[in-house]
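Index from 1, following the sequence.
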Amino acid sequence: MRKNGLAVILLGLLLLVVGCGKVTTSQKSSQSTETTEKTIDYAQLSDSEQSEMTFTFVRNNDSSAVDLKIVNRTSKNVTFNGDKFILIYPKKSQINSTKDSTIKIGSNSTKTFKNLFEGLNSADFSTIGLYCYKNKNNKLAYSEINSLSAKSTNLKESSLQKAYKTASNKKKPVVNKKPKARNDTERQNSVPTGQITSGQQAVALVQSMNGPAPQGTSYTFMTDETSGTNGLVKTNDGQAVYWVRLFESGNGVAITVDDWTVFPNRTVIHQAPPAVGESKNSQTQDSDDNDSDDDNSVDSNNQSDSDENTDTNDDYDVDDID
């Protein structure tokens with residue numbers, strides 16, 4: 001009987017030891033699982049949990065580096081990717097953090113991380129900025145212009161909110177685009193300034209005064225045997241002028257519509273130059289017609305003195321003078 005009783009006691013003690021061992025193992029496993037669940041990346045925290053964390057960015061005196069102090073009041077261990085912090089500027093390129101290791105801060109603790117940003121200068125803080133983690137959804141603090149320290153509580157300051165918004169909405173300066181190269185026609189038709197030195201400039205001047213040629217007609221400058229490469233023609237009294245003509249082309253025949261005389265000093269007379277030599281571009285007429293027209297020629301000097309820009313002979317028959 002004594003032996004049986006002793007055996008029962010020993011068996012009971014053995015079961016008690018085994019049971020305690022199982023409970024201890026189970027508790028350790030449960031604690032390990034709970035610890036793992038409480039370690040989380042900051043971006044995965046809820047808004048209320050993020051509000052329980054405080055961030056203070058402090059740049060050194062020469063603004064070459066920025067340290068970060070974190071206060072974690074949550075019940076979780078929080079981690080950050082050290083190279084995922086960004087400093088965003090309105091209308092400027094963002095600056096990325098340079099710490100390539102994982103940042104971890106335990107629950108209800110405070111920790112400072114040195115040189116989160118490096119290689120900076122004072123120019124990088126000449127405008128308001130915004131510290132964020134990964135993207136703008138995780139705002140940490142405004143970077144203020146006149147302060148070496150930026151704390152996450154400044155996100156609630158209306159003056160900083162307005163300043164950042166205003167800087168973000170500021171219109172970009174207008175950039176003057178390089179003008180496109182003009183083709184030959186555009187160069188010919190550009191309005192000249194100063195002295196007239198070519199037939200093309202004379203055409204452009206007349207066109208600027210009278211508007212584009214009507215449909216079916218074109219401006220041109222006339223030449224004769226005395227003309228040089230720039231289109232100057234000489235009147236019978238030896239004056240060098242430019243002869244601009246508006247003509248209509250049909251069935252292979254050029255029909256004169258209107259004429260202008262343009263002097264190098266920009267004086268324009270609404271008629272053909274008087275008694276110009278035979279033109280290469282105009283219709284030829286017999287010598288008898290030319291002789292009869294000599295008596296009716298107009299002195300260009302007197303014309304320019306009386307009215308530099310007025311049509312003085314609207315009824316002038318340009319086909320009778322070549």
Side-chain angles (χ1 to χ4, degrees), residues 39-74 76-106 109-181:
T39 300
I40 187 172
D41 185 83
Y42 177 80
Q44 297 176 345
L45 293 174
S46 65
D47 292 342
S48 61
E49 289 173 328
Q50 288 187 358
S51 67
E52 294 179 24
M53 299 190 67
T54 303
F55 301 87
T56 303
F57 295 87
V58 181
R59 50 189 170 109
N60 56 17
N61 291 330
D62 62 359
S63 299
S64 61
V66 176
D67 300 336
L68 172 60
K69 177 183 177 182
I70 304 176
V71 178
N72 179 12
R73 298 185 183 87
T74 71
K76 298 178 181 179
N77 299 322
V78 181
T79 60
F80 300 84
N81 290 331
D83 58 356
K84 296 298 183 182
F85 291 89
I86 50 179
L87 178 52
I88 303 175
Y89 295 104
K91 308 299 183 182
K92 289 174 60 178
S93 300
Q94 68 182 33
I95 298 176
N96 299 315
S97 57
T98 54
K99 201 172 189 67
D100 57 5
S101 59
T102 299
I103 293 175
K104 183 178 180 180
I105 179 169
S109 61
T110 300
K111 197 169 184 179
T112 298
F113 301 93
K114 293 289 186 180
N115 300 330
L116 182 67
F117 292 89
E118 293 182 299
L120 309 178
N121 55 59
S122 57
D124 292 318
F125 299 93
S126 60
T127 184
I128 188 170
L130 182 63
Y131 288 106
C132 300
Y133 177 62
K134 292 187 176 180
N135 52 57
K136 280 189 175 182
N137 292 329
N138 304 303
K139 299 179 179 67
L140 304 180
Y142 284 114
S143 170
E144 301 179 53
I145 299 175
N146 299 319
S147 177
L148 294 178
S149 177
K151 197 171 182 179
S152 53
T153 52
N154 71 10
L155 290 172
K156 298 179 180 180
E157 294 183 20
S158 59
S159 59
L160 294 177
Q161 294 173 358
K162 184 177 180 180
Y164 190 85
K165 184 177 181 180
T166 300
S168 299
N169 295 334
K170 188 176 180 180
K171 292 182 179 179
K172 293 181 178 179
V174 177
V175 178
N176 294 324
K177 295 183 178 179
K178 185 178 181 181
K180 296 180 180 179

Colleague: Assess whether side-chain contact (heavy atoms from CB on, under 4.5 Å) is satisfied between Thr74 and Met53, documenting all intermediate values.
Modeller: CA-CA 7 Å; Thr74 71; Met53 299 190 67; 4.0 Å; yes
Colleague: So do Lys99 and Asp83 actually touch side chain to side chain, heavy atoms under 4.5 Å?
Modeller: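 They are not in contact (no side-chain heavy atoms under 4.5 Å apart), so the answer is no.
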Colleague: Atom CD of Glu157 and atom NZ of Lys151: how far apart are they, to the nearest 0.5 Å?
Modeller: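 Rounded to the nearest 0.5 Å, the CD-NZ separation comes out at 11.5 Å.
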Colleague: Kindly check if the number of other-residue, nucleotide or ligand heavy atoms within 6.0 Å of CG (Asp62) is above 12?
Modeller: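 Yes, enclosed.
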Colleague: For Phe55 and Tyr42, take the angle between the two ring planes, folded into 0 to 90°, and tell me which bin it lands in: parallel under 30, tilted 30 to 60, perpendicular over 60.
Modeller: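 Plane angle over 60°, so perpendicular.
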Colleague: Going by the rule salt bridge (charged side-chain N to carboxylate O under 4.0 Å, His left out), which residues pair with Lys114 if we only count those two or more places apart in sequence or in a different chain?
Modeller: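 Only Asp67 meet the salt bridge (charged side-chain N to carboxylate O under 4.0 Å, His left out) criterion with Lys114.
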Colleague: Looking at every heavy atom in both Ala150 and Ala141, which two are closest together, and how far apart are they?
Modeller: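 Here Ala150 and Ala141 meet closest at O-CB, 4.1 Å.
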Colleague: Of all residues at least two apart in sequence or in a different chain, which pass the side-chain contact (heavy atoms from CB on, under 4.5 Å) check with Leu130?
Modeller: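 side-chain contact (heavy atoms from CB on, under 4.5 Å) check on Leu130 returns Cys132, Lys139, Tyr142, Leu155, Tyr164.
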Colleague: Could I get the full list of side-chain contact (heavy atoms from CB on, under 4.5 Å) partners for Thr98, not counting sequence neighbours?
Modeller: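 Result, side-chain contact (heavy atoms from CB on, under 4.5 Å) vs Thr98: Glu118.
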Colleague: Once you round to the nearest 0.5 Å, how far does CD1 of Ile105 lie from OG1 of Thr39?
Modeller: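 So the CD1 of Ile105 and the OG1 of Thr39 are separated by 12.5 Å.
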Colleague: For Glu49 and Ser46, test the side chains for any donor-to-acceptor distance below 3.5 angstrom and give the result as yes or no.
Modeller: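 There is such a pair between these side chains.
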Colleague: Give the ring-plane orientation class for Phe57 versus Phe85, where under 30° counts as parallel, over 60° as perpendicular and anything between as tilted.
Modeller: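 Perpendicular.
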Colleague: What residues form a salt bridge (charged side-chain N to carboxylate O under 4.0 Å, His left out) with Asp41, not counting sequence neighbours?
Modeller: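 Asp41 satisfies salt bridge (charged side-chain N to carboxylate O under 4.0 Å, His left out) with Lys134 only.
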Colleague: Quick check: closest heavy atoms across Gly82 and Ser97, and the distance to 0.1 Å?
Modeller: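 Closest approach of Gly82 to Ser97, heavy atoms only: O-OG, 2.7 Å.
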Colleague: I'd like to know whether Leu87 forms a side-chain contact (heavy atoms from CB on, under 4.5 Å) with Gln94, so could you lay out the CA-CA distance, the side-chain angles of the two residues, the decisive distance to 0.1 Å, and finally the verdict.
Modeller: CA-CA 6 Å; Leu87 178 52; Gln94 68 182 33; over 6 Å; no
Colleague: With Lys104, which residues qualify under salt bridge (charged side-chain N to carboxylate O under 4.0 Å, His left out), at least two apart?
Modeller: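 Partners of Lys104 by the salt bridge (charged side-chain N to carboxylate O under 4.0 Å, His left out) criterion come out as none, since no residue qualifies.
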Colleague: Do we see a donor-acceptor contact under 3.5 Å between the side chains of Ser51 and Asp47?
Modeller: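 No, no side-chain donor-acceptor pair sits under 3.5 Å.
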Colleague: State, yes or no, whether a side-chain contact exists between Lys136 and Ile88 at a heavy-atom distance under 4.5 Å.
Modeller: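 Yes. Closest side-chain heavy atoms under 4.5 Å.
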Colleague: Which heavy-atom pair separates Asn60 from Leu148 by the least distance, and what is that distance?
Modeller: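 Closest pair (atom of Asn60, atom of Leu148, distance): O-CD2, 4.0 Å.
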Colleague: For a side-chain hydrogen bond (donor to acceptor under 3.5 Å, both in side chains) check, start with the C-alpha distance between Ser149 and Ser147, then their side-chain angles and the critical distance, and finish with the verdict.
Modeller: CA-CA 5 Å; Ser149 177; Ser147 177; 5.3 Å; no
Colleague: Any chance you could measure Ile103, atom CD1, to Thr79, atom OG1, to the nearest 0.5 Å?
Modeller: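 Between atom CD1 of Ile103 and atom OG1 of Thr79 there are 10.0 Å.
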Colleague: Leu120 versus Val66: any side-chain heavy-atom pair under 4.5 Å?
Modeller: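 Of all side-chain heavy-atom pairs linking Val66 with Leu120, at least one is under 4.5 Å.
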Colleague: Could you pull out the closest heavy-atom pair between Ala163 and Ile128, with the gap in Å?
Modeller: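 Smallest heavy-atom distance, with atoms named: CB-CD1, 4.0 Å.
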Colleague: Nearest 0.5 Å, please: how far is CD1 in Ile145 from OG in Ser126?
Modeller: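 If we round to the nearest 0.5 Å, Ser126:OG and Ile145:CD1 are 7.0 Å apart.
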Colleague: Atom CG of Asn72 and atom CG of Asn77: how far apart are they, to the nearest 0.5 Å?
Modeller: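 Answer for the CG-CG pair, Asn72 versus Asn77, is 7.5 Å.
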Colleague: What's the shortest heavy-atom distance between Gly129 and Tyr89, and which atoms?
Modeller: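 Scanning both residues, the minimum pair turns out to be CA-CD2, 3.9 Å.
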Colleague: Indicate yes or no: at least one non-hydrogen side-chain atom of Leu68 is less than 4.5 angstrom from one of Thr56.
Modeller: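 In short, these two side chains do not touch, never coming nearer than 4.5 Å.
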Colleague: Provide the closest heavy-atom pair for Ala43 versus Asn138 in the form atom of the first, atom of the second, distance.
Modeller: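 Closest approach of Ala43 to Asn138, heavy atoms only: CB-ND2, 3.9 Å.
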Colleague: So, using salt bridge (charged side-chain N to carboxylate O under 4.0 Å, His left out) as the criterion, who are the partners of Glu144 when residues are at least two apart?
Modeller: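 Per chain and number, Glu144 pairs via salt bridge (charged side-chain N to carboxylate O under 4.0 Å, His left out) with no residue.
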Colleague: Enter the distance from Ser152:OG to Ile70:CD1 here, rounded to the nearest 0.5 Å.
Modeller: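 That separation rounds to 10.0 Å.
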Colleague: For Phe117, is the NZ or CZ atom of Arg59 found under 6.0 angstrom from the centre of its six-membered ring and inside 45 degrees of the ring axis?
Modeller: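 That pair does not qualify as a cation-pi contact.
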Colleague: Does Asp124 reach the side chain of Ile95, with side-chain heavy atoms less than 4.5 Å apart?
Modeller: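 Counting from C-beta outward, Asp124 and Ile95 do come under 4.5 Å.
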Colleague: Any side-chain heavy-atom pair from Thr54 and Arg73 closer than 4.5 angstrom?
Modeller: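 SC-SC contact between Thr54 and Arg73 confirmed.
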